[in-house]
Chemist: 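If you scroll down you'll find the structure; I have some questions about it.
The chain is numbered in sequence order, starting from 1.
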Amino acid sequence: MMGRFPLARRLSLQPSSMRNNSEDGSHRHSRGSRHGETINGGKPIKVIVLGVSKVGKTALIHQFLYKEIPDRYKATVDDTHPATFNAPRGKKIEFDILDTSGSLEFPAMLDVSIKQSDGFVLVYDASNPSTFKKVEELREQVVRTKTKAPIVVVANKIDLCDDKDMEEIKVNRELVTQQWEHGFAEASAKDNTSTTNVFQELLKQANIEYNLELAFNKRRQSLPPHRASIQASLSPAQLQHLQQIRENSDRGSDKGRNSCSVS
């Protein structure tokens, strides 16, 4: 799948750590990376997936990268998924996709994650319109920090929607695409419907040429290295609470809940 989309409002998916240097011309050409030459200067594009619990964040990522979803529900405590895709002219597109906890209990931690990210996927449950309100709040927090960041809003779980829900999706799409000027995608992670479109839309927002053919992929990593700086900013009480969430998550994974509600 290849495409290139002109965009009147030019956005950037270039890693934020390199953006200032690229503007003064010191990075005019792509450099080698761990997998060869990339279109993003040799560093992974950091994409963060946000939304409340059980809207299907983890399932979307797993269907996109691994063509399967977890068979048991397990609350996410921040996992990163490195992925490399082929791009035109023999280059690569590298992503680090961060799957976040839906609890969103640490505002300071979330703020640092937003600052360190290059693109944003905001997910809500289309069969539960109240979850869109959190997307509105998250979007406000993102644009305060990153005024020109590529953003895609995802209406997930369309397989559960009735006619009223579908009308609500149309209203939300109009708000997101016309007023906010962001990308919008409808998907069903459970049925693997349009999950690739989510990330195509993100690249479209950034005006990046793409070919989303998976070159190779690594196993996910919990709490990747760039998260260490976030943990360092937490108080001992917050770290203890985070550890408690992680332990509760591990215990909950043995209960075998329905996978279609994966967050």
Chemist: For a quick test of reading the model, state the closest non-hydrogen atom pair linking Lys115 to Thr145 and the distance between them.
Modeler: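 Nearest pair, atom of Lys115 first, then Thr145: CG-CG2, 3.4 Å.
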
Chemist: Would the distance check show the side chain of Asp125 and the main-chain N or O of Thr131 forming a donor-acceptor pair, the cut-off being under 3.5 Å?
Modeler: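 No; zero donor-acceptor contacts below 3.5 Å.
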
Chemist: Answer yes or no: is there a donor N or O on one side and an acceptor on the other, between the side chain of Asp118 and the main chain of Ile45, under 3.5 Å?
Modeler: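 No, Asp118 side chain to Ile45 backbone: no donor-acceptor pair under 3.5 Å.
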
Chemist: Thr193 vs Asp159, test: side-chain contact (heavy atoms from CB on, under 4.5 Å). Steps then yes/no.
Modeler: CA-CA 9 Å; Thr193 301; Asp159 56 295; over 6 Å; no

Chemist: Treating Lys157 as the side-chain partner and Ala189 as the backbone partner, does any N or O pair qualify as donor plus acceptor under 3.5 Å?
Modeler: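 No, the answer is negative, given that no donor and acceptor are paired below the 3.5 Å cut-off.
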
Chemist: Taking all atoms of both residues into account, what is the closest heavy-atom pair of Asp162 and Asp165, and its distance?
Modeler: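 Distance-wise, the nearest heavy atoms are OD1-N, 2.8 Å.
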
Chemist: Closest heavy-atom contact between Gln205 and Val152?
Modeler: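 Closest approach of Gln205 to Val152: CG-CG2, 4.3 Å.
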
Chemist: Going by the side-chain contact (heavy atoms from CB on, under 4.5 Å) test, name the single residue among Val198, Ile169, Leu175, Ile151 that passes it with Phe184.
Modeler: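 Exactly one candidate clears the test, Ile169.
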
Chemist: So Glu136 and Arg139, side-chain contact (heavy atoms from CB on, under 4.5 Å) or not? Walk me through it.
Modeler: CA-CA 5 Å; Glu136 293 181 291; Arg139 182 256 174 187; 5.8 Å; no

Chemist: For the CD1 atom of Ile48 and the CG atom of Asp96, what is their distance to the nearest 0.5 Å?
Modeler: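 Rounded to the nearest 0.5 Å, the CD1-CG separation comes out at 12.0 Å.
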
Chemist: Between Lys57 (side chain) and Gly51 (backbone), is there a donor-acceptor pair under 3.5 Å?
Modeler: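 Yes, the answer is positive, given that a donor and an acceptor are paired below the 3.5 Å cut-off.
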
Chemist: With a 3.5 Å distance limit and no angle check, can you tell me whether Ser194 reaches the backbone of Asn197 through a side-chain donor-acceptor pair?
Modeler: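 No.
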
Chemist: How long is the gap from CG on Asn86 to NZ on Lys91, to the nearest 0.5 Å?
Modeler: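 NZ of Lys91 is found 13.5 Å from CG of Asn86.
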
Chemist: Any donor-acceptor pair under 3.5 Å linking the side chain of Lys190 with the backbone of Gly56?
Modeler: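 It does not hold such a pair.
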
Chemist: Shortest non-hydrogen contact from Pro44 to Phe95?
Modeler: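 For Pro44 and Phe95, the tightest heavy-atom pair comes out as CB-C, 4.2 Å.
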
Chemist: Taking everything shown except Asp163 itself, do over 12 heavy atoms lie less than 6.0 Å from its CG?
Modeler: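 No, because the 6.0 Å sphere around CG of Asp163 holds 12 heavy atoms or fewer from other groups.
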
Chemist: Between Phe64 and His81, is the ring centre distance below 6.0 Å?
Modeler: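 No, too far apart.
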
Chemist: Walk me through it: do Val143 and His182 pass the test side-chain contact (heavy atoms from CB on, under 4.5 Å)?
Modeler: CA-CA 11 Å; Val143 298; His182 303 322; 4.2 Å; yes

Chemist: Thr58 and Asp99: side-chain donor and acceptor closer than 3.5 Å?
Modeler: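 Result is yes, a qualifying pair exists.
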
Chemist: Do Met166 and Phe132 share a hydrophobic cluster, counting only Ile, Leu, Val, Met, Phe, Trp and Tyr and linking them when any side-chain heavy atoms are less than 4.5 Å apart?
Modeler: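 Same hydrophobic cluster.
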
Chemist: Quick one: are Leu138 and Phe120 in side-chain contact, heavy atoms under 4.5 Å?
Modeler: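 No, too far: nothing below the 4.5 Å cut-off.
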
Chemist: Within the side chain of Thr80, is there an N or O that forms a donor-acceptor pair under 3.5 Å with the backbone of Leu98?
Modeler: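 Not confirmed, Thr80 side chain does not pair with Leu98 backbone.
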
Chemist: Which heavy atom of Ser127 sits nearest a heavy atom of Cys161, and at what distance?
Modeler: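 Closest approach of Ser127 to Cys161: N-SG, 3.8 Å.
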
Chemist: How many angstroms lie between atom CG of Asn207 and atom NZ of Lys204, to the nearest 0.5 angstrom?
Modeler: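 Here the rounded value is 11.0 Å.
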
Chemist: Taking side-chain hydrogen bond (donor to acceptor under 3.5 Å, both in side chains) as the test, write out the residues that go with Glu201, two or more places apart.
Modeler: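 For Glu201, no residue satisfies side-chain hydrogen bond (donor to acceptor under 3.5 Å, both in side chains) once neighbours in sequence are set aside.
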
Chemist: Using side-chain hydrogen bond (donor to acceptor under 3.5 Å, both in side chains) as the criterion, list what pairs up with Glu137, not counting sequence neighbours.
Modeler: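 In terms of side-chain hydrogen bond (donor to acceptor under 3.5 Å, both in side chains), with neighbours along the sequence ignored, Glu137 is linked to Lys134.
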
Chemist: Out of curiosity, Glu186 CD to Lys170 NZ, how far, rounded to the nearest 0.5 Å?
Modeler: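 Between Glu186 CD and Lys170 NZ, I get 9.5 Å after rounding to 0.5 Å.
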
Chemist: For Leu110 versus Gln141, what's the shortest heavy-atom pair and its separation?
Modeler: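 Closest pair (atom of Leu110, atom of Gln141, distance): CD2-OE1, 3.5 Å.
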
Chemist: Decide yes or no on side-chain contact (heavy atoms from CB on, under 4.5 Å) for Val49 and Leu60, but give the supporting numbers first.
Modeler: CA-CA 10 Å; Val49 183; Leu60 278 171; 5.7 Å; no

Chemist: Kindly compute the distance separating CD1 (Ile61) from CD1 (Ile69), expressed to the nearest 0.5 Å.
Modeler: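 Result: 13.0 Å between the selected atoms.
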
Chemist: Within the supplied structure, the quantity of interest is the number of heavy atoms (other residues, nucleotides, ligands) at a distance under 6.0 Å from Lys164 NZ; does it exceed 12?
Modeler: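 Incorrect, the count does not exceed 12.
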
Chemist: To the nearest 0.5 Å, what is the distance between CG on Asp191 and CD1 on Ile158?
Modeler: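 Interatomic distance, Asp191 CG to Ile158 CD1, rounded to 0.5 Å: 8.0 Å.
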
